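See below for the structure under consideration.
Just so you know, these numbers come straight off a predicted model, no measurement behind them.
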Amino acid sequence: MEIIETLRIRSGLMYGFGLINLVTAFLLIVLSFLKPVEFGGTNAWHKPIKFTLSTAILSWSLAWYLGYLPGGRDIDITNWVIVITLGFEVVYIVWQAAKGEASHFNSSTPFHSAMFSMMALAATIATLAIGYLGLKFLGETVQELPDYYLWAIRLGFLLFVIFSFEGFVMGSNMAHSVGGPDGSSGIPFLNWSLSYGDLRIAHFIGMHALQVLPFLAWYFLKEVNLTIGSFILYGLLAIFVLVQALQGKSIVTL
């Protein structure tokens with residue numbers, strides 16, 4: 001409860017947005033059992049559940065990190081940009097799941113093509129906004145923090161932005177699978193393909209560096225060189241699974 005209160009104090013907007021997504025994820029989990037919707041061989045509710053959970057984690061992570069910055073009108077505007085753009089994506093993904101239709105890579109009608117393009121634009125704007133917050137940690141106004149932790153935050157933002165833009169690889173492919181169709185047999189819930197390359201894996205690993213690297217640095221590494229080393233290894237892991245996916249190889253292929 002102390003952590004929750006700290007998040008609320010550091011950024012009421014990001015805390016509230018994260019809470020809304022967390023509650024939405026819970027409701028969608030209930031719906032996935034009470035009123036399952038089939039799409040592409042999987043429960044259609046799984047996709048918005050993953051998106052709402054990821055958005056909640058991202059929002060609360062940003063709320064935590066914002067507590068180290070002095071604040072200002074530019075940060076307030078940036079936060080609202082993130083909430084509006086990601087909120088738009090979440091709403092559309094939930095809406096499409098409820099209808100048993102694809103939200104991504106859907107060009108079946110001019111409307112769906114336009115909405116997919118708008119989601120790509122929203123994701124781009126949100127990523128740039130988050131990248132702007134990351135740049136704030138290069139300034140001299142950051143609250144005094146251990147060097148290893150500050151570098152972990154900086155590098156976490158860097159990998160987040162790089163692998164967020166990796167989503168354009170999926171967009172250009174108009175699918176997240178390489179070497180076969182989307183919807184093949186995959187890991188339960190995550191639905192990462194076990195038969196073909198899956199571009200979503202690198203996307204997931206890279207973007208969650210924003211949580212993983214600072215966590216490792218604060219609790220275990222406690223040294224700048226070790227933190228930079230973990231950044232290199234983590235980045236190489238994300239690159240490896242991306243290259244593997246582009247070759248059409250599944251995550252279980254050696």
Side-chain angles (χ1 to χ4, degrees), residues 14 16-61 82-127 130 163-164 166-178 180-208 245 251:
M14 283 301 175
F17 186 55
L19 182 61
I20 289 171
N21 275 276
L22 196 62
V23 172
T24 302
F26 174 76
L27 295 175
L28 292 174
I29 290 171
V30 173
L31 274 176
S32 71
F33 288 101
L34 298 182
K35 192 178 180 182
V37 178
E38 190 76 13
F39 177 76
T42 61
N43 192 321
W45 294 118
H46 286 177
K47 185 170 187 174
I49 290 171
K50 290 183 290 185
F51 267 82
T52 49
L53 286 175
S54 291
T55 303
I57 292 170
L58 172 62
S59 300
W60 282 7
S61 298
I82 294 169
V83 168
I84 291 170
T85 51
L86 293 184
F88 163 73
E89 284 200 89
V90 167
V91 169
Y92 182 63
I93 291 168
V94 171
W95 183 40
Q96 288 295 95
K99 298 189 297 179
E101 298 178 0
S103 54
H104 291 71
F105 322 124
N106 187 343
S107 58
S108 58
T109 68
F111 170 76
H112 290 103
S113 293
M115 291 299 289
F116 179 49
S117 297
M118 288 181 66
M119 280 205 302
L121 177 61
T124 300
I125 294 172
T127 300
I130 294 168
F163 283 92
S164 178
E166 185 250 325
F168 283 108
V169 178
M170 289 182 269
S172 63
N173 190 48
M174 284 302 284
H176 52 71
S177 296
V178 178
D182 288 349
S184 60
S185 60
I187 298 174
F189 181 66
L190 292 174
N191 298 322
W192 294 343
S193 178
L194 294 174
S195 303
Y196 309 108
D198 198 320
L199 297 166
R200 294 174 297 180
I201 303 173
H203 194 57
F204 176 89
I205 292 175
M207 291 176 68
H208 283 288
I251 192 174

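- When all heavy atoms of Ala122 and Phe88 are compared, the pair lying nearest together is CB-CD2, 3.9 Å.
- Ring pair Phe204/His208 is tilted by interplanar angle, where 30° to 60° counts as tilted.
- Taking the side chain as every heavy atom from C-beta outward, Ile130 and Leu58 approach each other to under 4.5 Å.
- Across all their heavy atoms, His104 and Ile93 have their closest contact at CE1-CD1, 3.7 Å.
- To the nearest 0.5 Å, the span separating CZ on Phe39 from NZ on Lys47 amounts to 7.5 Å.
- Atom CZ of Phe189 is separated from atom NZ of Lys50 by 6.5 Å, given to the nearest 0.5 angstrom.
- Once rounded to the nearest 0.5 Å, the distance linking CH2 of Trp60 with CG of Asn21 reads 10.0 Å.
- Residues Leu27 and Val23 form a side-chain contact, since some pair of their non-hydrogen atoms from C-beta on lies under 4.5 Å apart.
- Summarising the geometry, atom CD belonging to Glu89 is positioned 6.5 Å from atom CZ belonging to Phe51; distances are rounded to the nearest 0.5 Å.
- At a threshold of 4.5 Å between non-hydrogen side-chain atoms, the residues Phe116 and Asn106 do not count as touching.
- In this structure, the side-chain hydrogen bond (donor to acceptor under 3.5 Å, both in side chains) partners of Thr127, at least two apart in sequence or on a different chain, are Ser164.
- Between Ala97 and Pro48, the shortest heavy-atom contact is CB-CG, 3.7 Å.
- Contact between Thr124 and Phe168 at its shortest, heavy atoms only, is OG1-CZ, 3.0 Å.
- Proximity of a side-chain donor or acceptor of His112 to a complementary backbone N or O of Ser103 within less than 3.5 Å is not detected.
- For the atom pair Met115 CE and Trp95 CH2, the distance stands at 6.5 Å (nearest 0.5 Å).
- Counting heavy atoms from C-beta outward, Asp182 and Tyr196 have side chains that stay 4.5 Å or more apart.
- No side-chain heavy atom of Thr55 sits under 4.5 Å from any side-chain heavy atom of Thr52.
- Here the CE atom belonging to Met119 is positioned 8.5 Å from the CZ atom belonging to Phe105, to the nearest 0.5 angstrom.
- For the pair Val37/Lys99, no side-chain contact is recorded, criterion being any heavy-atom separation below 4.5 Å from C-beta on.
- Of the possible donor and acceptor atoms, one in the side chain of Arg200 sits under 3.5 Å from a partner among the backbone N and O of Asn191.
- In terms of modelled atom types and a separation under 3.5 Å, the side chain of Gln96 and the main chain of Ala102 share a donor-acceptor contact.
- A distance-only check finds a donor-acceptor pair linking the side chain of Asn43 to the backbone of Ser32 [under 3.5 Å].
- Between Leu53 and Leu22 the shortest side-chain heavy-atom distance falls below 4.5 Å.
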